[in-house]
Amino acid sequence: MDGGYGRAPGAYDGMGGREASSSQGGGFGGGFGGGFGAPTSPRSLAAAGLGVYGGKFLNDGASFVSSNYAKYFSTASMRAYFDVTESYVFHKMRLVLCPFLHKGSWARLPESVAGGTAYKPPRNDINAPDLYIPLMAFWTYVLTASIREVFSSKSGSFTPEALATHAWWSGLLWAGESAFIWVALRSTSSANHIVSAPILDVAAYVGYTFTYGSMTLMSKMFNKTYVFWFFLIWSALCNAVFMAKTLKRIIFSEARHSGYSQSMSQNYVLLAVVVAQPFIHFWLCRTP
């Protein structure tokens, strides 16, 4: 799908390499107990909690992303970022919001394709990046921040300019952090070993930040300072762990299998990303 990180598609990827893929099987079971066949899918939960309206909400969300984003990705490799199922979304959200529950490998699963090997799409691999969740989380964050601004303003009225402002600055942050991480990964390469990842992969990993931002902004509805700070600290911690585990897979997995020695610059990249997370989350949740 994405061609791999600094080596041929299907090469060893992750802290467990190919051994991890065999232990995870062909689905999402590793570390989550029960796999993707569990009855607690988003659609079943929505139907149980909200009836017809819950299912309609999920269908509308999928249609929105499909009609407004997926149509612009003409190649199969790009469309793979939207190749998700409701079970994938449910388990991925659980992984993102609480990465400590993920006891399995963080390695991506390879599969045989015509002409070689590639990585399995998100529907079959919980560690695969997708753009469905980040885009939905992004617009959820923008709408939540705009609504918060309406309640905190003196006029108490909604303005399109506020929506555009939040979308602009949030999108700029998304693009800026993605570009920084991509360049930082490339900077740790050597003449014999290139450390990199497809830019859309990096954008997907960074985009999960808006899931935390939306959750933290919603916590302000309780009007309790300690509730807000709890969600802010928890979000920053979880995002730091998620990004560290993901970048560690990209940076160190091939190095261990190819004999490439670890460098201090790679540790600095991981440290910089982890340290930056609290500041990024504080900026995202600065809305009154």
Side-chain angles (χ1 to χ4, degrees), residues 31-33 40 42 45-46 48-50 53-54 57-58 61 89-103 106 126 133-159 162-163 165-174 176-178 180-181 204-248 270-288:
F32 283 90
T40 54
L45 290 176
L50 299 177
Y53 297 101
F57 175 79
L58 291 174
V89 173
F90 174 72
H91 287 79
K92 188 73 170 194
M93 289 289 290
R94 187 170 69 169
L95 169 62
V96 170
L97 295 177
C98 192
F100 311 105
L101 295 178
H102 190 47
K103 302 301 182 183
W106 289 77
I126 195 173
I133 294 176
L135 286 171
M136 293 294 287
F138 173 79
W139 287 112
T140 300
Y141 168 80
V142 170
L143 291 174
T144 304
S146 301
I147 292 173
R148 286 291 310 174
E149 188 169 312
V150 169
F151 285 104
S152 62
S153 63
K154 294 182 179 179
S155 61
S157 58
F158 174 81
T159 59
L163 189 67
T165 299
H166 288 295
W168 166 254
W169 287 108
S170 302
L172 191 62
L173 174 66
W174 190 357
E177 186 180 359
S178 299
F180 169 78
I181 293 179
Y205 294 132
V206 173
Y208 295 123
T209 301
F210 295 104
T211 303
Y212 306 104
S214 301
M215 180 182 65
T216 305
L217 274 185
M218 291 178 184
S219 70
K220 289 188 174 184
M221 294 187 299
F222 294 99
N223 293 323
K224 300 291 184 180
T225 304
Y226 64 87
V227 174
F228 165 75
W229 281 103
F230 169 80
F231 278 97
L232 181 63
I233 295 173
W234 177 262
S235 297
L237 178 62
C238 289
N239 198 19
V241 172
F242 176 81
M243 292 298 295
K245 289 285 188 178
T246 300
L247 295 184
K248 186 177 180 181
L270 285 176
L271 181 62
V273 172
V274 170
V275 171
Q277 298 312 309
F279 299 98
I280 293 174
H281 283 277
F282 184 81
W283 186 87
L284 285 176
C285 302
R286 72 196 186 283
T287 303

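Remember, it's a predicted structure, so these values are computed and weren't measured experimentally.
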Which donor-acceptor pairs under 3.5 Å do the side chains of residues 226-235 make with protein atoms, sequence neighbours left out?
{"unit_1": "Trp234", "atom_1": "NE1", "unit_2": "Leu97", "atom_2": "O", "d": "3.2"}
{"unit_1": "Ser235", "atom_1": "OG", "unit_2": "Thr216", "atom_2": "OG1", "d": "3.0"}
{"unit_1": "Ser235", "atom_1": "OG", "unit_2": "Phe231", "atom_2": "O", "d": "2.7"}

Take Phe180 and Val206 through the test side chain to side chain contact (heavy atoms under 4.5 Å, CB included) and record every step on the way to the result.
CA-CA 11 Å; Phe180 169 78; Val206 173; over 6 Å; no
Looking at residues at least two apart in the chain, or sitting in another chain, which of them share a side chain to side chain donor-acceptor pair (under 3.5 Å) with Thr246?
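Checked Thr246 against side chain to side chain donor-acceptor pair (under 3.5 Å); zero matches.
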Taking side chain to side chain donor-acceptor pair (under 3.5 Å) as the definition, give me every residue that meets it alongside Tyr208, ordered by chain and number, with sequence neighbours left out.
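Applying side chain to side chain donor-acceptor pair (under 3.5 Å) to Tyr208 gives Asp130.
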In terms of ring plane angle, is the pair Tyr141 and Phe210 parallel, tilted or perpendicular, where the classes change at 30° and 60°?
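Tilted, since the angle between the ring planes falls between 30° and 60°.
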Evaluate the ring planes of Trp169 and Trp283, with Trp represented by its six-membered ring, and classify them as parallel (under 30°), tilted (30 to 60°) or perpendicular (over 60°).
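Trp169 and Trp283: perpendicular rings.
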Nearest 0.5 angstrom please: [X] [atom1] to [Y] [atom2], how far?
X	Y	atom1	atom2	result
Leu284	Trp174	CG	CH2	12.0 Å
Lys220	Thr144	NZ	OG1	11.5 Å
Met243	Glu177	CE	CD	6.0 Å
Gln277	Tyr212	CD	OH	8.5 Å

Let me see the working for Thr211 and Met215 under side chain to side chain contact (heavy atoms under 4.5 Å, CB included), right down to the final yes or no.
CA-CA 6 Å; Thr211 303; Met215 180 182 65; 6.0 Å; no
Between Val96 and Asn239, is there a side-chain heavy-atom distance shorter than 4.5 Å?
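A side-chain contact under 4.5 Å is absent here.
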Measuring only between side-chain heavy atoms, which start at C-beta, is Arg94 closer than 4.5 Å to Ile126?
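Not touching, per the 4.5 Å side-chain cut-off.
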Show the nearest heavy-atom pair for residues [X] and [Y], with the distance to one decimal.
X	Y	result
Ala236	Pro278	CB-CA, 3.9 Å
Cys285	Gly213	SG-O, 4.0 Å
Ser170	Phe138	CB-CE1, 3.5 Å
Cys238	Cys98	SG-CA, 4.4 Å
Ala204	Pro134	O-CG, 3.6 Å

Taking CZ in Phe100 as the centre, count heavy atoms belonging to other residues, nucleotides or ligands within less than 6.0 Å. Is the count above 12?
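Result for CZ/Phe100: enclosed.
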I would like to know whether His102 and His91 meet side chain to side chain contact (heavy atoms under 4.5 Å, CB included); could you show each step before the answer?
CA-CA 10 Å; His102 190 47; His91 287 79; over 6 Å; no
